[in-house]
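What you see below is based on every heavy atom in this structure, not just the backbone, and it leaves out hydrogens, waters and symmetry mates. We count ligands from 1, going down the list as the structure has it; atoms in each ligand are counted the same way.
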Amino acid sequence: MTIWNLGSINADMVYALPHLPAPGETLAASGLEKFLGGKGANMSVAAARAGSRVSHIGAVGSDGRWAQERLTEYGVDTRFIAEVSSPTGHAIIAVDAQGENLIILYPGANHALEGGQIGQALASANTGDLLVFQNETNAQVEAARMARELGLTACYAAAPFEAEAVQAVLPYLDFLILNEVEAAQLQQETGLSAAELPVRHVIVTLGSKGARYFQQGCDPIDFAAHKVQAVDTTGAGDTFTGYVLAGMDRGMPMEQAILQANRAAALMVTRHGTADVIPDLREVRDAQFD
Ligand code: RIB
């Protein structure tokens, strides 16, 4: 099976700061590093590192060929990444001494996917493949509709969260992942709790507390997070999602996929950086936690 990922590709400029800046504050960074990032690219790399075949659908500018090449090096099929006239997306990421972050996004090429690009890619999809998308590209509704028409499992990682964006794709979804604050916001908009959403699989992530899994018609199941010393939480959620999707793609029971994803996310928060430092399956399986 293949995981098709309509996803963002960013250059992540990561600044190490003593604390996250307050409005009006000028703050000197003690370090700057550049990584491959974007919630989409992070999920593609995570799923590929977890052993899945991943085909990324996205866009970069002419300044983003390095990102496309890096995705290829990480085992992601990049044939459906278009080069467009907008500059490649980027993110300014501030990470404080506790590992918390603040992200400013410039979407650039991520919002310039061309008409027909998704159809062209999904012409090679097979029934039962997964299609995942997030809220950092254009064409999400088109992708969701197409997934339904082609018999693909439609998966949405609702980040960055916008209730309207979730509602637009909700009727097409088989899988939804969002955090607890977002689940509460969505409930305010729709009147539906996570358990009541018309989606077969819903995962609500709970940060350092773990995750709660809702399967339609069943009682929710809680998964505790591993206790680790976090140095950078950026990309940990994307790593979790990529590993869950890889587990689904390989036919694992959801509980097993979530347990593995929990391990991957716990390792990820002990590392500085985004796509380039996502752990592979061997590291995830070998990791020792308290
Ligand atoms: O979730 C982390 C990601 O959010 C970063 O890689 C950044 O590019 C933004 O998309």
Side-chain angles (χ1 to χ4, degrees), residues 5-17 20 29 32-49 54 56-61 63-64 66-68 70-71 74 76 81 86-96 99-113 132-140 155-162 165 176-182 203 205-208 211 230-245 261 264-279:
N5 183 2
L6 165 64
S8 55
I9 300 169
N10 290 336
D12 282 354
M13 307 306 294
V14 182
Y15 296 83
L17 295 174
L20 299 181
L32 168 62
E33 283 185 280
K34 180 180 174 182
F35 295 95
L36 171 66
K39 295 184 196 307
N42 296 341
M43 286 179 204
S44 279
V45 172
R49 291 212 160 141
V54 182
H56 195 99
I57 307 168
V60 291
D63 57 341
W66 65 273
Q68 191 166 354
R70 208 171 288 180
L71 278 167
Y74 294 153
V76 175
I81 296 176
S86 314
T88 303
H90 73 255
I92 307 283
I93 303 179
V95 179
D96 73 10
E100 282 305 329
N101 66 28
L102 173 160
I103 302 180
I104 298 169
L105 272 183
Y106 176 73
N110 296 313
H111 278 185
L113 267 94
V132 60
F133 50 101
Q134 314 79 28
N135 192 22
E136 284 188 349
T137 66
N138 61 319
Q140 294 161 36
C155 306
Y156 185 51
F161 183 79
E162 273 178 273
L176 171 66
I177 182 162
L178 71 182
N179 71 33
E180 62 183 327
V181 176
E182 297 162 350
I203 296 179
T205 57
L206 308 169
S208 60
V231 299
D232 183 358
T233 55
T234 321
D238 307 333
T239 300
F240 179 88
T241 304
Y243 264 81
V244 169
L245 296 174
L267 259 186
M268 185 64 181
V269 300
T270 65
R271 300 176 175 189
H272 288 284
T274 39
D276 304 292
V277 301
I278 291 174

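- With hydrogens and angles ignored, the 3.5 Å screen pairs no side-chain donor or acceptor of Ser86 with any backbone N or O of Gly108.
- In terms of modelled atom types and a separation under 3.5 Å, the side chain of Asp232 and the main chain of Thr234 share a donor-acceptor contact.
- When Thr233, Asn42, Ile92 are checked for heavy-atom proximity to atom 3 (C) of ligand 1, Asn42 turns out nearest.
- Between the side chain of Thr274 and the backbone N or O of Leu36 there is at least one donor-acceptor pair closer than 3.5 Å.
- If you check the side chains of Tyr106 and Asn10, you find no donor sitting under 3.5 Å from an acceptor.
- For ligand 1, the atoms closer than 4.0 angstrom to any heavy atom of Ala91 are 7 (C), 8 (O).
- Residue Gly37 has no N or O atom closer than 3.5 Å to an N or O atom of ligand 1.
- Near Leu105, with a cut-off below 4.0 Å to any heavy atom, the atoms of ligand 1 are 9 (C), 10 (O).
- Between the side chain of Glu136 and the main chain of Lys39, a donor-acceptor pair closer than 3.5 Å is present.
- Scanning the protein heavy atoms around atom 4 (O) of ligand 1, the nearest turns out to be Lys39 NZ, 3.0 Å.
- Residue, atom and distance of the protein heavy atom nearest to atom 10 (O) of ligand 1 are Glu136 OE2, 2.8 Å.
- Considering backbone and side-chain atoms alike, Ser8 places every N or O at 3.5 Å or more from each N or O of ligand 1.
- Thr205 places no side-chain N or O within donor-acceptor distance of the main-chain N or O of Ala211, the cut-off being under 3.5 Å.
- Of the listed residues (Asn101, Thr234, Asp12), the one carrying the non-hydrogen atom nearest atom 6 (O) of ligand 1 is Asp12.
- Close approach of ligand 1 to Asp238 (heavy-atom distance below 4.0 Å) involves ligand atoms 1 (O), 2 (C), 3 (C).
- A donor-acceptor contact shorter than 3.5 Å links the side chain of Asn138 to the backbone of Leu113.
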